[in-house]
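Chain A is the first sequence line, chain B the second, and so forth, proteins listed ahead of strands; every chain is numbered from 1.
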Amino acid sequence: MTSARVLRLAVGFYILLFFTYLFGPLIVMSFTAFNSSEFPSISPWNCVTPEWFGVLFKDQHLMGGLRSSLLVGIGVVLLAVPIGLAASLLITQLQKRARSIVYTIAISPILVPGVVLGISTLVFWERIDRVVLGVEDSFFYDGYFMTIIGQSTFIAAYAMLVFLARLQRFDPGLEEAALDLGATHTQVFRKILLPFLKPAIASAAVLAFLASFENYNTTVFTIVSKSTLTTVLASKVRYGINPSISALAVIIIGLTLVGAVIHEYLRRKEVAKTEALAAEGLPAPTRSRSGNRVLRVPVGALASLIFVAMLATAWIARDYDVAQCKVQVTEENRKKFDALKQQRLAEAKAKREANRQDADVAVETNQAGRQYQNIFAPTNLGSQIDSTEPSEPDSDATTAVETNQAGRQYQNIFAPTNLDGQVDSETKDE
Amino acid sequence: MSADVQLENVWVQFGDFVAVRDTSLTIQGGEFFSFLGPSGCGKTTLLRAISGFQEPSRGRVLIGGKDMAGTGPNQRPTALIFQNLALFPLMSVWENISFALEVKGVNKSVRRKKADELLELVALPGQGDKMVDELSGGQKQRVAVARALCAEPEVLLLDEPLSALDLKLRQHMRTELRAIQQRAGITFIYITHDQGEALTMSDRVAVMRQGTIDQVSDGTIVYDRPETAFVASFVGENNAFPGRVIEVTQGIASVQTKSGVLHAEVSAVSPLTSGDAGIVFVRPESVRFADPSALQNRLEVTVANQEFEGHFWHLVLQTAEGSVIRMSVMNDGERETYEIGSRIAVSFTAQGAIALAQGELAAE
Amino acid sequence: MAVWFRRFLARNGTMLSLYMLAAVALWMVLMIVLPQLFMLDFSFRHNWQQIDPSRMGGPDDVYTFVNYHFLAYGSPNNPDPFNVVDVTVFFRTIIAAIFVTLFDLALCYPIAYYLAQVARGGKARLLVLFLIIPFWINELLRAFAFRILFGEEGTINAILLSIGVLDQPIDFVREDVALYAGLGYAYILLMIFPIYNVVESLDKNQIEAARDLGASWARIHRRVVIPFAKPGISSGCTMVFMLSAGALAAPQILGGPSSLWFTQIIYQWFNTGSNWPRGSAYAIVLMLSCVLLVLAIMRIFKVKIGEIGR
């Protein structure tokens with residue numbers, strides 16, 4: 001029993017660690033978006049501020065990149081989804097051998113590194129442009145065109161996998177039934193197959209758009225002189241970072257969460273529907289009721305958590321003045337900086353002071369005592385003070401130590417009082 | 001409107017495999033015709049050849065006297081009811097039923113009206129707006145029939161449509177289908193491996209074996225006067241006594257079997273002569289407890305088991321040389337029970353048995 | 001073939017058949033096969049376009065191994081016996097990608113197993129949803145998050161300094177820790193899902209039977225679960241390996257100043273180096289090595305290519 005509990009604890013801990021790895025970076029990044037610090041970080045927390053969102057929206061490069069990313073994304077959806085659909089339909093009709101050949105070619109773009117796809121697309125259309133058409137910068141050698149083509153090369157394969165998964169559950173009898181009732185082939189496709197594939201088309205389109213939207217490896221080669229959100233982001237992240245990038249991440253994370261909640265809501269509605277059917281005692285694909293109830297709690301909790309967080313933000317923002325906070329932080333920083341500087345200066349001054357006094361004393365004693373110690377006394381003294389060696393084998397040094405100790409006592413006594421005057425004079429000098 | 005269906009020397013081959021072998025047959029217009037056979041006998045292939053999903057490799061399919069070669073399933077005057085029904089799950093009941101009109105471009109109100117009429121016909125009034133998933137098995141069945149009828153076919157083809165239903169519902173739907181066929185007045189071609197379905201509903205039954213038709217006749221004749229050993233063993237239960245024909249006199253054959261010489265009628269269609277290898281078939285219900293006077297076809301047996309099935313007792317008997325005989329006794333409340341292991345004598349009349357040439361038997 | 005085509009036409013009708021064949025042909029020919037062939041062709045050419053465009057198409061425009069030779073031996077006046085920089089970067093990339101793959105496998109197998117066999121109903125679904133959420137977020141932004149965490153003044157250093165574990169910040173970026181953590185993070189999902197899908201289809205009774213027969217947990221995994229999950233494991237490993245060897249964003253953002261990723265060299269040939277043929281040759285070498293390595297490993301573990309991506 002105890003070993004089972006230990007195991008369960010270990011598993012729980014592992015899952016916790018795993019999800020910390022998964023979400024920790026995103027959470028930290030999200031927080032940096034609200035910190036007024038010029039550099040994205042949370043460790044010196046300055047002020048809560050929404051200003052980076054403003055900076056983000058004013059960033060012409062990023063906004064321009066966003067627009068072209070949307071354009072490219074739409075282009076990819078329009079190209080890759082129909083291709084994926086055609087390929088999935090064809091593959092389901094092929095015989096064993098031909099099917100595996102076509103399937104292998106079709107999924108190869110998923111396995112080929114993205115940079116290779118980008119390069120091959122770039123080289124191919126540049127060649128078409130230059131050699132076949134004999135003109136430069138034609139329609140084909142265009143950043144948007146090549147990016148749409150290059151991304152669609154592998155995104156079409158994703159779409160195909162989505163369709164194949166759905167088609168596996170399709171009953172070919174439905175097609176025959178429709179044909180038998182007099183439908184033409186086109187009608188069968190339009191009225192039977194397409195409606196069946198509609199959810200898959202929707203998910204393939206969303207998948208294609210998102211894959212296009214976040215693609216970098218292929219795009220960076222094919223986009224040529226233009227830029228998409230990812231290429232702008234990449235250059236920003238590499239060269240100059242400020243937290244407006246974090247602000248962008250917060251927006252994307254927010255949208256993703258909203259999407260996830262909607263997805264979950266729709267699914268639950270679906271489940272509820274089949275359950276209602278099952279409750280009437282009719283055959284319907286059913287999921288366990290308890291499973292659904294278990295699910296309802298965490299999703300509800302997540303939604304309410306987000307809601308509470310929004311409320312709290314609004315509440316704090318109500319009587320919170322960023323400008324004031326910033327002034328305060330700047331003031332605090334200045335003070336902190338000043339204090340630090342003063343401390344440093346004070347230390348330096350004290351040291352110098354002490355050195356001077358010790359040196360004086362030492363010189364006196366030296367002069368009173370042995371002549372020859374003069375040679376090394378000034379240099380030696382400082383280190384002796386620092387190391388404060390109580391026992392010195394040399395008898396001459398012993399006297400020196402004694403005087404040093406005298407000097408130290410002095411230093412200890414007047415050092416604190418002396419500091420202010422020194423620092424004042426130093427700061428005035430600046 | 002109903003049409004004849006003629007098959008002329010139809011062959012269907014898949015590579016080396018012959019699914020249908022040289023089949024010729026005429027199905028009359030308005031007839032309820034069944035193909036009965038074990039799975040893999042080629043009956044579904046034959047149905048697909050009639051509906052147009054499968055072009056025959058050789059031979060012709062004629063519907064209403066017209067050769068159907070090159071005519072696709074969507075242009076034939078046939079409608080098929082699929083084994084799994086193949087109702088469109090994303091459409092409502094009425095949309096399913098009126099699909100054949102939808103593809104012809106008929107407007108919605110006309111379609112709706114026709115669908116409601118058909119729902120009346122199949123005894124599902126007012127269910128048009130439900131989704132298919134909300135129906136029970138029997139209701140789905142009726143919707144499938146209504147959908148097929150909406151195409152106004154001259155021939156309705158049914159591919160084991162009742163196999164997914166439970167026993168009670170299946171028996172009810174048999175009556176229902178027969179009634180619908182009579183109301184609609186069109187040719188029904190029905191495929192099944194269930195002899196009960198074939199015998200109760202059909203005007204005529206074709207028994208198929210390995211791509212060929214063994215016998216075509218009405219249900220009683222198929223049962224009482226089988227023409228081949230396969231039909232005798234596939235349709236209903238039969239006790240088989242293989243042996244050699246000693247002599248045939250006045251339509252009665254004497255066959256030397258392991259259980260002695262047995263006498264049985266000879267089929268008029270497939271006559272036997274002495275020396276042939278033959279099998280004597282006796283139905284369990286034709287086996288009687290032997291009178292002391294009965295000397296012909298008398299067998300001394302041991303009771304091995306007895307099963308009670310309400311209106312019948314089924315006895316499993318064993319002869320001295322080890323063959324098993326099944327016997328059914330009407331439960332008239334007067335019968336004494338037999339201890340397992342007790343020895344009795346049973347017999348049957350020559351008229352209650354039939355002698356056929358040896359051939360392939362149906363798998364148990 | 002002709003028979004198949006006739007049946008295909010009959011089954012789909014002219015319009016649909018035309019659409020299917022045209023779309024697939026367009027994809028496979030113009031987008032997959034021809035571009036790869038052109039890139040292959042290009043990698044065997046001189047860079048006349050940049051050096052001297054007038055020599056293009058002339059007698060000097062011939063096939064050459066010069067680009068591949070450069071990758072192996074460097075420029076003619078290279079004093080070393082081989083191209084130390086590029087070759088080192090190449091092998092380091094491959095080895096690091098293998099390391100990232102193994103890291104992900106070790107990290108994800110327990111989670112995939114837990115999700116597929118231990119967690120139930122709603123909880124499992126919710127965890128799967130949580131798994132997916134981070135992967136809708138741009139790869140660059142994820143790398144950026146790691147830069148915030150691992151920077152010299154980043155969160156991790158700040159925490160370690162404040163609790164006194166360190167008295168000097170560690171430069172995680174220079175040490176490549178940030179890069180490996182970021183790459184490993186980037187492809188977690190691609191490792192988990194193939195394994196999850198396979199393990200989910202494993203009959204729970206098999207595990208229980210094995211346990212009933214007295215097998216230890218380690219043995220159950222070694223003898224029952226892992227052999228069953230092999231297609232999923234190899235599929236996940238293949239994808240993670242290919243993607244991390246071919247990654248560009250994460251190395252650009254998280255890579256230390258002195259450590260290059262091979263894709264970055266390719267990028268330089270295309271971008272600042274203006275030598276496309278040489279970049280193409282490098283890309284081909286990268287792709288072929290990765291594919292061959294994957295095929296070799298799949299042969300060792302007896303997995304078929306068709307099982308990938310399911």
Region of [X] that comes under 4.5 Å of a non-hydrogen atom in chain A:
X: L127(C); result: both
X: L34(C); result: both
X: L149(C); result: side chain
X: I192(C); result: side chain
X: L131(C); result: both
X: Y267(C); result: both
X: L40(C); result: neither

Only pairs of heavy atoms separated by less than 4.5 Å count here; which of [options] has the most with chain A?
options: Q252(C), M28(C), R142(C); answer: Q252(C)
options: L243(C), I132(C), I188(C), I266(C); answer: I188(C)
options: I111(C), N271(C), I253(C); answer: I111(C)
options: L26(C), L140(C), V24(C); answer: L140(C)
options: A181(C), A145(C), A23(C); answer: A145(C)

Quick one: does [X]'s side chain get under 4.5 Å of [Y]'s, heavy atoms only?
X: P110(C); Y: Y14(A); answer: yes
X: I83(A); Y: M31(C); answer: yes
X: V115(A); Y: F270(C); answer: no
X: L141(C); Y: E214(A); answer: no
X: L233(A); Y: F144(C); answer: no
X: P35(C); Y: V123(A); answer: no
X: M39(C); Y: I119(A); answer: yes
X: F42(C); Y: F124(A); answer: no

Contact class of [X] relative to chain C, heavy atoms under 4.5 angstrom:
X: Y21(A); result: both
X: S108(A); result: side chain
X: A157(A); result: both
X: L79(A); result: side chain
X: E176(A); result: neither
X: F19(A); result: side chain
X: S246(A); result: both
X: L210(A); result: side chain

Tell me the closest heavy-atom pair linking [X] and [Y], and the distance in Å.
X: M239(C); Y: I110(A); value: SD-CG2, 4.4 Å
X: I133(C); Y: A260(A); value: CD1-CB, 4.0 Å
X: G246(C); Y: P113(A); value: CA-CB, 3.8 Å

Straight-line distance of [X] [atom1] to [Y] [atom2], nearest 0.5 Å:
X: I148(C); Y: M29(A); atom1: CD1; atom2: CE; value: 6.0 Å
X: T230(A); Y: E139(C); atom1: OG1; atom2: CD; value: 9.5 Å
X: E126(A); Y: W276(C); atom1: CD; atom2: CH2; value: 5.0 Å
X: L248(A); Y: N138(C); atom1: CG; atom2: CG; value: 8.0 Å
X: I137(C); Y: L255(A); atom1: CD1; atom2: CG; value: 10.0 Å
X: T263(C); Y: N217(A); atom1: OG1; atom2: CG; value: 7.0 Å

Chain C contacts, top residue of [options] (heavy-atom pairs, under 4.5 Å):
options: A106(A), A87(A), S100(A); result: A106(A)
options: I15(A), T121(A), T186(A), N215(A); result: I15(A)
options: V116(A), I252(A), V102(A); result: V116(A)

* Step by step, work out the side chain to side chain contact (heavy atoms under 4.5 Å, CB included) result for L122(A) and F38(C). => CA-CA 10 Å; L122(A) 176 68; F38(C) 269 60; over 6 Å; no
* Listed partners of P82(A) passing side chain to side chain contact (heavy atoms under 4.5 Å, CB included), at least two apart ->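 Here the qualifying residues are Y19(C).
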* Asked: Which pairs with one or both residues in residues 18-43 of chain C pass salt bridge (Lys or Arg N to Asp or Glu O under 4.0 Å), sequence neighbours excluded?
  ->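 For residues 18-43 of chain C, and leaving out neighbouring residues, the salt bridge (Lys or Arg N to Asp or Glu O under 4.0 Å) pairs sorted by first residue read D41(C)-R45(C).
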* To do: Measure from the side-chain N and O atoms of W27(C) to the backbone N and O of T153(A), and report whether any donor-acceptor pair falls under 3.5 Å.
  =>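 Pair found, side chain donor or acceptor close to backbone of T153(A).
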* Please check if the side chain of Y185(C) supplies one atom and the backbone of L22(A) the other of a donor-acceptor pair under 3.5 Å. =>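 Yes; at least one donor-acceptor contact below 3.5 Å.
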